[in-house]
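Please read the structure below before turning to the comments.
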Amino acid sequence: MKSVLSEHKTLHPDTVERREFSAAAGAAVRELAREICTTLDACAQVTMPDTARTLTDPALLEQIDARVGELPAEIRATLRPPATSAGATIVGRLPLTDAEFGPTPPSWREAASWSGDPARRASSFEFDVVMLLLARSAGEPFGWHGQQGGRLVNNIVPAAGHENEQSGASSKTLLSPHTEDAFHPARAHLLMLACLRNPELVGTTVSSVRRVELSAAERALLREPTLPILPDVSYGTGHENYSPTPLPTLWHNPDDAETLRYDPAYTPLDDADPEFRAAYARLTAELERVCVTAALTPGELLLVDNDVAVHGRVPFTARYDGTDRWLKRVNIRLPQRRRRSEEAYENGYGQTIVSPFRGGLPTGRSSTERVAAHDRGPVEHP
């Protein structure tokens, strides 16, 4: 199913919540990240000379957990989940400059390589630590074994050769609205996107299920577990070995608020009857009608409630000259957030998460358990 979402809608302060860090709070998180990097680098000169630090370094994770409480209380308050029906919040005034990061990498692989290179890593790695501090203030950051090599902070950049894919590496095509990792029961509760560079003001689209208008009959159809949602193409192959589980598109969470799981590009709609397809098409049209577009600028964050809002991206023309749009993304779990109890029985198509800030998966499996990992390469949703 193809979307025709407008490229021209704008994200207005009167329809979507906006928050800002104070100058002192923004400076505090940058300074704490700098201190942590300096401390770790000093230790590395003694214990691990010539070894690059990574975001999964136990010493770094320990520092994040031990020192995140030093940040001003307003950081945690500002990063609370979106409070309005829009299911999204823009957070401004995180201090950074375009020049400090160097050129936009040509793919996530180069971005990861650069941050681990002692000659180039200073600002990029330091800002990854900023992202982890912010995400840890909001909840529990996690990654996917099959996504960007299990990294906790992902880089979203256009990649040559992937312009027309339904992936975060694309550019020329509209990235259809979707629930992030909709196929999986351990998907994020909160998605945090941070803008490093966006000279063309490329927009991230956001549509909230709590703003759509559907009939009672349409809602009833969409609440029935009818079709599965399959892993997107960026997770590679192997999911064919798992039995697909029919899922409801809409449901009410334990607090009786409406939520959704939606990814039409990976939902086999042709397998449903005409009535269900008509209801799904109506939902798609309504999500388009209520869509707004966040054209993030450097230093702005977009928080998306992944149970309430779907997100995508408008088309743009990538230049591949080091000046293209560059976002960083973190998936966040909210321990207090509850979902349908039936999700505990889903197999997740064998995909597992990297969760260093908690004890295990919702299903009780160890966070270090791994099945066949599928490297997403440069293909991924933003």
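On a predicted model such as this, the values are computed, not experimentally measured, just so you know.
- Here OG of Ser243 is found 12.5 Å from CD of Glu346. Values are rounded to the nearest 0.5 Å.
- Remark: Arg261 engages Glu343 in a salt bridge, criterion side-chain N to carboxylate O under 4.0 Å.
- For Arg151, the side-chain contact (heavy atoms from CB on, under 4.5 Å) partners are Trp108, Ala112, Asn154, not counting sequence neighbours.
- Here the closest heavy-atom approach between residue Pro177 and residue Pro264 is recorded as O-CD, 3.8 Å.
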Subject >> Working for side-chain contact (heavy atoms from CB on, under 4.5 Å), residues Arg18 and Glu300 >> reply: CA-CA 10 Å; Arg18 284 183 179 265; Glu300 287 187 325; 3.8 Å; yes
Donor-acceptor pairs under 3.5 Å, side chain of residues 67-77 to any protein atom, not counting sequence neighbours: which ones?
from: Arg67; atom 1: NE; to: Glu70; atom 2: OE1; distance (Å): 3.3
from: Arg67; atom 1: NE; to: Glu70; atom 2: OE2; distance (Å): 3.0
from: Arg67; atom 1: NH2; to: Glu35; atom 2: OE1; distance (Å): 2.7
from: Arg67; atom 1: NH2; to: Glu70; atom 2: OE1; distance (Å): 3.0
from: Glu74; atom 1: OE1; to: Ser22; atom 2: OG; distance (Å): 2.7
from: Glu74; atom 1: OE2; to: Ser22; atom 2: N; distance (Å): 3.0
from: Glu74; atom 1: OE2; to: Ser22; atom 2: OG; distance (Å): 3.3
from: Arg76; atom 1: NH1; to: Ser137; atom 2: O; distance (Å): 2.9

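- Panel note: side chain Asn331, backbone Gly143; no donor-acceptor pair is recorded below 3.5 Å.
- Of all heavy-atom pairs between Ile332 and Ala138, the closest is CD1-CB, 4.1 Å.
- Annotation for Ile353 and Ala186: closest pair CG2-CB, 4.2 Å, computed over non-hydrogen atoms.
- A continuous path of Ile, Leu, Val, Met, Phe, Trp and Tyr side chains, each step under 4.5 Å between heavy atoms, connects Leu96 with Phe125, placing both in one hydrophobic cluster.
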Subject >> Chi angles and distances behind the salt bridge (Lys or Arg N to Asp or Glu O under 4.0 Å) call for Glu100, Arg30 >> reply: CA-CA 13 Å; Glu100 70 179 288; Arg30 295 285 327 242; 2.8 Å; yes
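- Annotation: side chain of Leu327 is not in contact with side chain of Leu196 (no heavy-atom distance under 4.5 Å).
- Every residue two or more places apart in sequence or in another chain that forms a side-chain contact (heavy atoms from CB on, under 4.5 Å) with Arg19 is listed here: Glu17, Thr78, Arg80, Ala83, Thr89, Val91, Leu303.
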Subject >> Derivation of the side-chain contact (heavy atoms from CB on, under 4.5 Å) call for Val16 and Val206 >> reply: CA-CA 10 Å; Val16 172; Val206 181; over 6 Å; no
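- In this pair, Phe127 and Phe101 present their aromatic rings perpendicular. The plane angle is above 60°, beyond the 30 to 60° band.
- With His184 as the fixed residue, the ring pair (Phe, Tyr, Trp, His ring centres under 6.0 Å) test singles out one of Trp144, Tyr242, Tyr349: Trp144.
- With values rounded to the nearest 0.5 angstrom, Leu269 atom CG is found 8.0 Å from Arg277 atom CZ.
- Remark: the backbone N or O of Ala257 is not paired with any side-chain donor or acceptor of His252 at under 3.5 angstrom.
- Residues Leu190 and Leu79 come closest through the heavy atom pair CD2-O, 4.3 Å.
- Residues passing the salt bridge (Lys or Arg N to Asp or Glu O under 4.0 Å) test with Asp324, sequence neighbours excluded: none.
- From Leu250, atom CG reaches atom CG of Leu283 across 5.5 Å, with rounding to the nearest 0.5 Å.
- When hydrophobic clusters are built by joining Ile, Leu, Val, Met, Phe, Trp and Tyr residues whose side-chain heavy atoms come closer than 4.5 Å, directly or via intermediates, Ile156 is not grouped with Leu201.
- Side-chain polar atoms of Arg325 and Thr204 form a donor-acceptor pair below 3.5 angstrom.
- Atoms CD and OG, on Gln148 and Ser107 in that order, are 8.5 Å from each other to the nearest 0.5 Å.
- Of all the heavy atoms in Leu301 and Ala194, the pair that sits closest is CD2-CB, 3.2 Å.
- Looking at Arg337 and Asp305, a side-chain N of the basic residue comes within less than 4.0 Å of a carboxylate O on the acidic one, giving a salt bridge.
- Connection of Trp251 to Leu221 is not established within any shared hydrophobic cluster, with ILVMFWY side chains joined at heavy-atom distances below 4.5 Å, either directly or through further cluster members.
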Original post:
Would Arg211 and Cys291 count as a side-chain contact (heavy atoms from CB on, under 4.5 Å) if you check the C-alpha gap in whole Å, the side-chain angles of each, and the deciding distance to 0.1 Å?
Top reply: CA-CA 9 Å; Arg211 292 184 167 180; Cys291 175; over 6 Å; no
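- A continuous path of Ile, Leu, Val, Met, Phe, Trp and Tyr side chains, each step under 4.5 Å between heavy atoms, connects Leu227 with Leu222, placing both in one hydrophobic cluster.
- From Asp232, atom CG reaches atom OH of Tyr266 across 5.0 Å, with rounding to the nearest 0.5 Å.
- Side-chain contact between Thr205 and Val314: present, with at least one pair of heavy atoms (C-beta onward) separated by less than 4.5 Å.
- Between Asp263 and Leu230 the shortest side-chain heavy-atom distance does not fall below 4.5 Å.
- The main-chain N or O of Val310 is never found under 3.5 Å from a side-chain atom of His178 such that the two would form a donor-acceptor pair.
- Considering every non-hydrogen atom in both Val308 and Ser85, the closest pair reads CG1-O, 4.2 Å.
- Between the Glu218 side chain and the Ala279 main chain, no donor and acceptor come within less than 3.5 Å of each other.
- The CG atom of Leu247 lies 6.5 Å from the OG1 atom of Thr245; values are rounded to the nearest 0.5 Å.
- Remark: Leu61 pairs with Leu152, Pro356, Phe357 by the side-chain contact (heavy atoms from CB on, under 4.5 Å) rule, at least two apart or across chains.
- In this structure, Arg329 pairs ionically with Glu180, as a charged nitrogen and a carboxylate oxygen lie closer than 4.0 Å.
- Partner of Tyr262 under the side-chain hydrogen bond (donor to acceptor under 3.5 Å, both in side chains) criterion, out of Thr179, Thr284, Thr267, Thr249: Thr284 alone.
- When the salt bridge (Lys or Arg N to Asp or Glu O under 4.0 Å) test is applied to Arg223, the partners found at least two apart in sequence or on another chain are Glu258.
- Counting only N and O atoms by type, the side chains of Arg319 and Thr323 include a donor and acceptor under 3.5 Å apart.
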**OP:** Kindly determine whether Thr352 and His145 satisfy side-chain contact (heavy atoms from CB on, under 4.5 Å), including the steps that lead there.
**Re:** CA-CA 6 Å; Thr352 58; His145 283 297; 2.8 Å; yes
